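As structure tokens, the structure follows; a few thoughts come after it.
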Number of protein chains: 2
Amino acid sequence: MKTDGANTHTRRALSELRKRILSGELPGGTRLLEVHLAEQLEVSRTPVREAMSRLAEEGLLERVSSGGFAVRSFTAADVIDAIELRGILEGTAARLAAERGVPPERMDAFFDIVARLDSCFPGAAGEDLDFERYSELNAEFHDALARLPGSRMICEEVGRATSLPFASPSAFLPDRAAPDAFHHSLQLAQEQHRRVAEAIHAREGARAEALMREHARLARQNLDYILSQDRSLRHQVPALSFLVG
Amino acid sequence: MKTDGANTHTRRALSELRKRILSGELPGGTRLLEVHLAEQLEVSRTPVREAMSRLAEEGLLERVSSGGFAVRSFTAADVIDAIELRGILEGTAARLAAERGVPPERMDAFFDIVARLDSCFPGAAGEDLDFERYSELNAEFHDALARLPGSRMICEEVGRATSLPFASPSAFLPDRAAPDAFHHSLQLAQEQHRRVAEAIHAREGARAEALMREHARLARQNLDYILSQDRSLRHQVPALSFLVG
DNA sequence: CCCTAGAAAAATGTATTCATCGCGGTGAGG
DNA sequence: CCTCACCGCGATGAATACATTTTTCTAGGG
């Protein structure tokens, strides 16, 4: 059978399954049956198996003891702990970068990301805030931070901690529907970005670590807000739509 | 074809491959060829694939971009960072347990492990130190600590950080060949065990965290000692025999 | 009425075969 | 002599048939 375009059957199955899990179409706890999925996706069991195996690596599926896979289910407490863990690990990345030192070029590149983030905010002219660009640069900032210590183990560990959708640094950017809190929250976040970069540059490890831990708390704050609202709201947030409860 | 005994072919392939990787028989960077391994293990490619997939989850293999797997290679710096990460995460487990509180029964059980560790040391009667038992209880202590906060995410993250052989809490227990340093090192470790339990009980989160971070440094100290010795020594240490360099 | 043992159904585990992709060697042309 | 295209080999990707295990349903006995 021909593999359509650049994508193998495994890749198609992978993204299709991921989509169904994240959308909540496959709720937590659902046992995934190879035959059934193979029929639905119109491929054989082999690529389905391969895709499920990779989703288990991602943390979206769990292996069932008797064989096969089930959709992992996450509670609100799991989301909170995942955010806490991200703060811990990004804090560690920041501290190690400070303690071990960062080559000037890489430090410059890091400051540059902060500067570009600054430029997303409205200036005296009163333009709009460029939310799309902020979001992208925010992801870039967190990615660059993980690489700053120049350690493969750190980078991978931070990567894993941020791989689940609700643990991603961009998961709970503040809600644009509430302009005031929204703007304030983003400015606070950016202030923390700047201070972390400064702290790393000044080799202030403990400060850099504490700042990144607190930075993650912003995500938790936004999460708490969303959870306190009507349940319908949390189904509009992609990272939460597949939560149990 | 019949599956021999209680083990499936996948399981056999899994442990056989793991053995070959850890023993250094398959050095880091080696590309694993399905056909070749299937012949050697006298099974078909299917269970070999499955086994490789699981070893990738364990972190012993990495997926090659063009498809297939290669043995992951670790440098001394990777080992150091892995130990550091274990300290960070176990420290977090200790801090969270302290901050969130631990039910009395579980706290009692935790103290009991510490007490049993105490009983491994020679008393006034001057018996021998029970190294085997200490080693087992040490593993039990670290496992129990990871569960203390009652958080699945924390427990799993600590589990991953300790899953690589050289990151395990039992990886670099001091060398029995050097009795003095050996005994001193173990007593210091046990003192830290005791203090961590106390700190958690007293809800002293920061202290508990700092103690566990320092506790992991004992492993690094023993690692440094081993690495400073003749190269032949590090091939006697199972957790290091498959390192590059 | 419940519990258990056994058989049937359905799921995963495994082998085999074919298809497709990537890479390296080789030869012709510039 | 260098470059590029093509071919062939060897690898993984995928499909399918078969084996084994797990689960479930049912019938029988306590």
Side-chain angles (χ1 to χ4, degrees), chain A residues 1-21 25-73, chain B residues 1-21 25-73:
Chain A
M1 179 180 274
K2 192 162 173 301
T3 69
D4 50 9
N7 282 350
T8 64
H9 286 173
T10 297
R11 246 171 288 203
R12 273 203 326 109
L14 186 59
S15 45
E16 178 64 23
L17 281 179
R18 193 189 288 118
K19 197 196 80 183
R20 292 191 190 184
I21 294 167
E25 188 179 340
L26 293 170
T30 306
R31 180 92 181 263
L32 293 186
L33 302 184
E34 293 177 4
V35 208
H36 187 227
L37 289 171
E39 282 172 11
Q40 283 194 349
L41 303 176
E42 295 179 291
V43 294
S44 79
R45 280 172 54 207
T46 315
V48 172
R49 261 178 101 86
E50 175 69 16
M52 293 197 297
S53 182
R54 293 191 188 222
L55 286 171
E57 271 182 66
E58 276 184 37
L60 289 178
L61 297 183
E62 56 192 359
R63 289 180 193 271
V64 175
S65 60
S66 61
F69 299 82
V71 179
R72 211 167 145 194
S73 57
Chain B
M1 179 180 274
K2 194 165 170 298
T3 67
D4 50 10
N7 282 349
T8 64
H9 287 173
T10 297
R11 248 173 286 211
R12 274 203 325 109
L14 186 59
S15 44
E16 178 63 23
L17 281 180
R18 194 189 288 118
K19 197 196 80 183
R20 292 191 189 184
I21 294 168
E25 188 180 340
L26 292 170
T30 307
R31 179 89 182 263
L32 293 186
L33 302 184
E34 293 177 6
V35 208
H36 185 61
L37 289 171
E39 281 171 13
Q40 284 194 349
L41 303 175
E42 295 178 291
V43 294
S44 79
R45 279 172 53 207
T46 316
V48 172
R49 260 180 101 88
E50 176 69 16
M52 293 197 297
S53 179
R54 293 190 189 224
L55 286 170
E57 271 182 67
E58 276 184 38
L60 289 179
L61 297 183
E62 56 192 358
R63 290 182 191 271
V64 175
S65 60
S66 62
F69 299 83
V71 179
R72 210 168 146 194
S73 57

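All of these numbers come straight from a predicted model, not from anything done at the bench. In what follows, chains carry the letters A, B, and so on, assigned in the order in which the sequence lines appear, proteins first and then strands, with residues in each chain numbered from 1. The analysis underlying the following values was restricted to heavy atoms, covering all of them including side chains, and did not include hydrogens, waters or symmetry mates.
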For B:Gln40, the side chain to side chain contact (heavy atoms under 4.5 Å, CB included) test, sequence neighbours excluded, returns B:Arg20, B:His36, B:Leu37

Taken to the nearest whole Å, CZ/A:Arg49 to C1'/D:dA15 is 14 Å

Between CZ of A:Arg54 and P of D:dG13 the distance, given in whole Å, is 7 Å

Has B:His9 got a side-chain N or O lying under 4.0 Å from the OP1 or OP2 atom of C:dA15?
yes

Closest to the side chain of A:Thr10, out of C:dA11, D:dA14, C:dT14, is D:dA14

- Task: Give A:Thr46 one of three labels, base, sugar-phosphate or nothing, depending on what nucleic acid heavy atoms sit under 4.0 Å from its own.
- Result: base

Nearest heavy-atom approach of B:Thr10 to B:Ala51 is O-CB, 4.0 Å

All heavy atoms of A:Met52 vs all of A:Phe69, minimum pair found to be CE-CD1, 3.6 Å

Scanning both residues in full, the closest heavy-atom pair of B:Ala70 with B:Gly29 reads CB-O, 4.1 Å

From the candidates C:dG13, C:dA15, D:dT16, the one with an atom nearest any side-chain atom of B:Val43 is C:dA15

Margin query: I want to check one thing: is the phosphate of D:dA11, taken as OP1 and OP2, less than 4.0 Å away from some side-chain N or O of B:His36?
Written below: no

Across all chains, not counting sequence neighbours, the side-chain hydrogen bond (donor to acceptor under 3.5 Å, both in side chains) partners of B:Glu25 are none

Atom CD of A:Glu50 and atom P of C:dG13 are separated, to the nearest Å, by 14 Å

A:Leu37 atom CG is separated from C:dA10 atom P, nearest whole Å, by 17 Å

Sequence neighbours excluded, the answer for side-chain hydrogen bond (donor to acceptor under 3.5 Å, both in side chains) partners of B:Glu58 is B:Arg18

Numerically ordered, the residues 55-63 of chain A set in heavy-atom contact under 4.0 Å with DNA chain D is none

The nucleotide from C:dT14, D:dG13, C:dT12 with an atom nearest the side chain of B:Arg45 is D:dG13

Taking D:dG13, C:dA15, D:dA15 as options, the one with an atom nearest any side-chain atom of A:Thr8 is D:dG13

Ignoring backbone atoms, test whether A:Ser44 places a side-chain nitrogen or oxygen under 4.0 Å from the OP1 or OP2 oxygen of D:dA15.
yes

Taken to the nearest whole Å, CZ/B:Arg12 to C1'/C:dG13 is 14 Å

A:Leu32 atom CG is separated from C:dA10 atom P, nearest whole Å, by 19 Å

Closest to the side chain of B:Arg31, out of D:dA15, D:dT12, C:dG13, is D:dT12

ask   = Within the structure, does a side-chain N or O atom of A:Ser66 lie under 4.0 Å from either OP1 or OP2 of D:dT23?
value = yes

> Does any non-hydrogen side-chain atom of B:Leu32 lie less than 4.5 Å from one of B:Val48?
Replying inline: no

Whole-Å distance, B:Glu34 CD to C:dA15 P, equals 13 Å

Look for any protein N or O under 3.5 Å of an N or O in nucleotides 6-10 of chain D and output each such pair with its distance, or none.
none

Here the distance between atom P of D:dG13 and atom CZ of B:Phe69, to the nearest Å, is 8 Å

Listing, residues 59-67 of chain B side-chain donor-acceptor contacts under 3.5 Å, not counting sequence neighbours, or none:
| unit_1 | atom_1 | unit_2 | atom_2 | d |
| --- | --- | --- | --- | --- |
| B:Arg63 | NE | A:Glu57 | OE2 | 3.2 |
| B:Arg63 | NH1 | A:Glu50 | OE2 | 3.1 |
| B:Arg63 | NH2 | A:Glu57 | OE2 | 2.6 |

Note: B:Leu26 and B:Thr30 closest approach over all heavy atoms is C-OG1, 4.0 Å

Closest heavy-atom pair, B:Ser73 versus B:Gly28, reported as atoms and distance to 0.1 Å, is CB-CA, 3.6 Å

